[in-house]
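The shown structure was predicted, so the numbers you read here are calculated from the model rather than taken from an experiment. All residue numbers refer to positions in the sequence shown, counting from 1. Counting starts at 1 for both ligands and their atoms, following the listed order.
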Amino acid sequence: MNFSSDTAAPAHPKVIEAIAAANQGNEPSYGGDAVTARLRALLATLFETEDFDFWICASGTASNALALSVLCSPIGAIACHEEAHIERDERGAPEFFTGGAKLRLLPGHGAQIDEEALRQALALNNPDFVHETPLETLSLTNLTECGTAYPAAQVAHYAELAKAEGLNTHLDGARLGNALVSTGASPAEMSWKAGIDVLTLGLTKTGAIGCEIILLFGKMRAAFGRLQARAKRSGHMPPKMRFLAAQAEAMLTDDLWLSLAANANQSAKELANLLCAQPGVSLAYPTAGNEVFCVLPKEIEARIIKAGVKCYPWPGGPYRFVCSWATPQSDLDAMRELLAET
Ligand SMILES: Cc1ncc(COP(=O)(O)O)c(C=O)c1O
């Protein structure tokens with residue numbers, strides 16, 4: 001039973017086929033190829049706009065850090081949740097890539113920023129006060145790090161509050177597909193229509209090999225040259241971009257990514273129900289997507305560990321169980337049997 005991470009899952013066969021199909025003859029390097037051109041058209045349809053530029057990276061950390069590097073200056077600050085991946089899990093990459101921007105950490109249950117905390121931070125923001133680092137950017141994550149989902153209307157509301165104070169907005173969408181399936185929002189509604197300036201759209205966890213797209217919307221297109229230059233400088237300018245674009249094309253064609261995210265969410269729901277049917281088990285956070293955060297009684301924790309179930313003890317006490325597009329029904333059935341043992 002492997003519920004360790006959606007990055008432990010294999011890539012979807014259509015992604016592998018797309019890479020093989022892209023492996024024909026010579027193609028211009030660095031994104032000048034035909035597959036990347038087709039991807040642009042696909043993204044325009046998916047996001048219902050032509051007013052964007054994009055870049056592809058192989059990891060979420062690189063795409064977040066590069067995105068933030070064009071959203072926040074070295075002498076500015078990025079407001080984010082205190083459990084945000086950019087704070088907890090990126091080894092200072094956002095600070096490094098921005099050349100020294102600070103992260104301003106905000107509280108809130110389930111890794112969602114508390115509105116009052118955001119309002120207070122914005123109200124205190126004073127770019128003219130030389131001693132304090134002013135907020136320049138708001139970064140949200142959807143699906144959040146605790147597996148909850150912001151509805152698109154809440155993203156829009158927070159973006160509006162931030163923009164009223166002159167901030168830019170970023171959305172870490174490492175699991176965007178899971179959040180879209182959960183909330184019913186469209187990619188456009190969850191991004192530029194909600195006031196998001198730069199989206200990092202993750203496809204790796206959803207079923208690609210390694211493919212994260214940075215989308216710059218509207219006025220942020222003016223920063224595309226800087227983004228490319230920073231990508232080059234930091235070693236994130238893949239010469240054979242077509243093979244990254246091929247992954248994205250396979251994932252986004254016919255909404256494969258959303259059906260894979262729906263599979264993962266459905267498995268997580270089933271797993272959450274199995275676990276919560278046990279006396280003493282409770283959800284630490286609602287299971288909106290493909291991650292289940294559960295508080296386990298000692299006896300069940302011991303049984304799960306003894307059986308070698310792969311899951312992750314989360315800071316603060318709960319266990320995190322992650323499902324993917326490829327979670328086999330046999331893993332869920334084995335968990336049902338394990339929990340039924342007396
Ligand atoms: C919310 C979030 N953002 C970004 C990432 C990207 O991380 P990586 O650099 O491992 O692709 C992850 C991975 O766990 C994540 O959970």
Below 4.0 angstrom from a heavy atom of [X], which ligand 1 atoms are there? Numbered from 1 as shown, please.
X    : result
T61  : 6 (C), 7 (O), 8 (P), 9 (O)
A174 : 2 (C), 3 (N), 4 (C), 5 (C), 15 (C)
N64  : 3 (N), 4 (C)
E145 : 1 (C)

Please work out whether the ring planes of [X] and [Y] are parallel, tilted or perpendicular, with thresholds of 30° and 60°.
X    : Y    : result
F97  : H236 : tilted
Y150 : Y158 : perpendicular
F217 : W192 : tilted

Is it the case that ligand 1 has an N or O less than 3.5 angstrom from some N or O of E212?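 Min N/O separation from ligand 1 is not below 3.5 Å for E212.
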G60 N/O under 3.5 Å from ligand 1 N/O: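 For ligand 1, there is an N or O atom that lies under 3.5 Å from one belonging to G60.
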Strictly by modelled atom types, are N168 and E136 linked by a side-chain donor-acceptor pair under 3.5 Å?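 No.
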Between D172 and N64, do the side chains contain a donor N or O and an acceptor N or O under 3.5 Å apart?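 Looking only at side-chain atoms, D172 and N64 do form a donor-acceptor pair, the distance falling under 3.5 Å.
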Give the residue and atom name of whichever protein heavy atom lies nearest to [atom], and the separation in Å to one decimal.
atom                    : value
atom 3 (N) of ligand 1  : D172 OD2, 2.7 Å
atom 16 (O) of ligand 1 : R175 NH1, 3.1 Å
atom 7 (O) of ligand 1  : H85 CE1, 3.4 Å

Are any of the heavy atoms in K205 under 4.0 Å away from ligand 1? yes
Whether T141 lies under 4.0 Å from ligand 1, heavy atom: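 Checking ligand 1 against T141, which is what was asked, there is a heavy-atom contact under 4.0 Å.
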I'd like to know whether the aromatic ring centres of Y319 and W314 sit less than 6.0 Å apart in this structure. no
Under 3.5 Å: donor-acceptor pair, side chain of T148, backbone of G110: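 Yes: the side chain of T148 pairs with the backbone of G110.
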Do R40 and F52 form a cation-pi contact, if we require the NZ or CZ to be under 6.0 Å from the six-membered ring centre and within 45 degrees of the ring's axis? yes
